[in-house]
Amino acid sequence: MSQVNPDILIWARESAGLSVPEAARKLKLGSKKTSGEQILQDYESGKRAPTSKKLAEIANQYKRPITMFYLNKPPSRGETGEDFRETNNSQLEEFRGPVGALIRDVFVRQSIIKSALIDAEDDEIIDFVGQGGSFPPIDAAKSQISEFLSLDIDEFRKKRNPHDAFSYLRESVEKKRFYVLLIGDLGSHHSRIPTDVFRGFALSDPICPFIVINHNDAKSAWSFTLLHELVHIWVDKSGISDNSTENKIEKYCNDVASQILVRDEEIDNINSEIKSFDGNAFRAIQSFASNFNVSGSMLAYRLFKRSHISQDNWASLSKEFKDLWIKEKKKDKTKRKTSSGNYYATQKHRAGSALIKIIKRSLYEGVLTETKAGKALGVQSGNVAELVDL
């Protein structure tokens, strides 16, 4: 067999966002005589070659297929599933490696599920995907998507809190053969990706569309992000979404998603009601956001779009809501430290019922192995059976 290309080892590590010390630690390199960093540097300089077992560990850690390490040169971005629309966020450069690794990981999950659907002869084409490619007017888009989901916005608002409202919306989306995952890191809190870098992304596919929402975001923002990414799939445009509204596609998806959740006349009513809160826009928006099970930032955005507030006021209100969320998140983090939590319940929630169901069925029918099922779920194969209740 040909030798592993040292240049590919360097490229794969760097594109995974890992320094030499970080990669050496994650790969558990090192011996009594040689440090882990030195061994990795020897691999990358060509002084020594990793064993087949160690190469498999490297491939798994860097989220790359083993065959890629034998290429003559690093592939271009278009050959690795990374040439889709990205955010203009300047922080992305710092997190380009982790974000790229996350997206490749989800591509793998999607391909596993798609293959399982095809093998089971359940590869039904979803006409919704790409149906809005002509970018219809906002009102028409809102109506078509709401009708497709059979979405009852009043039922959404009746839910006890934003988390329950999101669960209702997620179920409506998953019933239409979409897969909605909550992922905000590469497997541990140490690899957490900030919401300023990405709030969600969509991998459009006519058979197996995937939507990923950054679970590090405020729960009140999850529903908007889910609808935003659904619109991306409707217009058949994959990519990363953050807080930016500069991109034309981002603006369109923002407008459609927010119109589904809150009507224009309701935004006008909020504006008129601000006076009854002694002119305190922040308090008024916060009250309505709680009633609607949406984020205050989204309502502030809509007030700006309806020309009720200036862009500066919108930016100021958004900062206030972000500061409040950070403060509440710190309190929630303190509470979580005092409770053990449940690993399987958490993983089920993050994977979503649609993914759990298709994996359980595929395992039962012999279409998937536990190894592949584990990759699709993002867990060790030994945890699959209990996770899907087999």
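Residue numbers run from 1 in the order of the sequence given.
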Heavy-atom side-chain contact between V129 and D205 under 4.5 Å =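 They are not in side-chain contact.
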Heavy-atom side-chain contact between K219 and F166 under 4.5 Å =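 Counting from C-beta outward, K219 and F166 never come under 4.5 Å.
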Is the shortest distance from a Lys or Arg side-chain nitrogen in [X] or [Y] to a carboxylate oxygen in the other one below 4.0 Å?
X    : Y    : result
K158 : D152 : no
E266 : R157 : yes
E44  : R13  : yes
K26  : E22  : no
D42  : R48  : yes
D264 : R302 : yes
D323 : K327 : no

query = With sequence neighbours excluded, what pairs up with S362 under the side-chain contact (heavy atoms from CB on, under 4.5 Å) test?
reply =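 Partners of S362 under the side-chain contact (heavy atoms from CB on, under 4.5 Å) test: A116, I358, V367, L368.
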request  = State whether F128 and K176 meet the cation-pi test: NZ (Lys) or CZ (Arg) under 6.0 Å from the six-membered ring centroid, and within 45° of the perpendicular axis.
outcome  =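 Not flagged: K176 not positioned over aromatic ring of F128.
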ask   = Mind checking whether F178 and F148 have parallel, tilted or perpendicular rings, split at 30° and 60°?
value =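 Answer is perpendicular, since the angle exceeds 60°.
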request  = Assign the ring pair F135 / Y252 to parallel, tilted or perpendicular, where the plane angle (0 to 90°) is split at 30° and 60°.
outcome  =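 Perpendicular: the ring planes of F135 and Y252 meet at over 60°.
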Under 3.5 Å: donor-acceptor pair, side chain of [X], backbone of [Y]:
X    : Y    : result
S276 : E273 : yes
S111 : V108 : yes
S290 : Q286 : no
Q110 : L203 : yes

Side chains of [X] and [Y]: is there a donor and an acceptor less than 3.5 Å apart?
X    : Y    : result
S191 : D185 : no
N313 : H308 : no
D255 : Q259 : no
N216 : N214 : yes

Gap between atom CZ of F282 and atom NZ of K319 - 0.5 Å precision =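 Rounded to the nearest 0.5 Å, the NZ-CZ separation comes to 11.0 Å.
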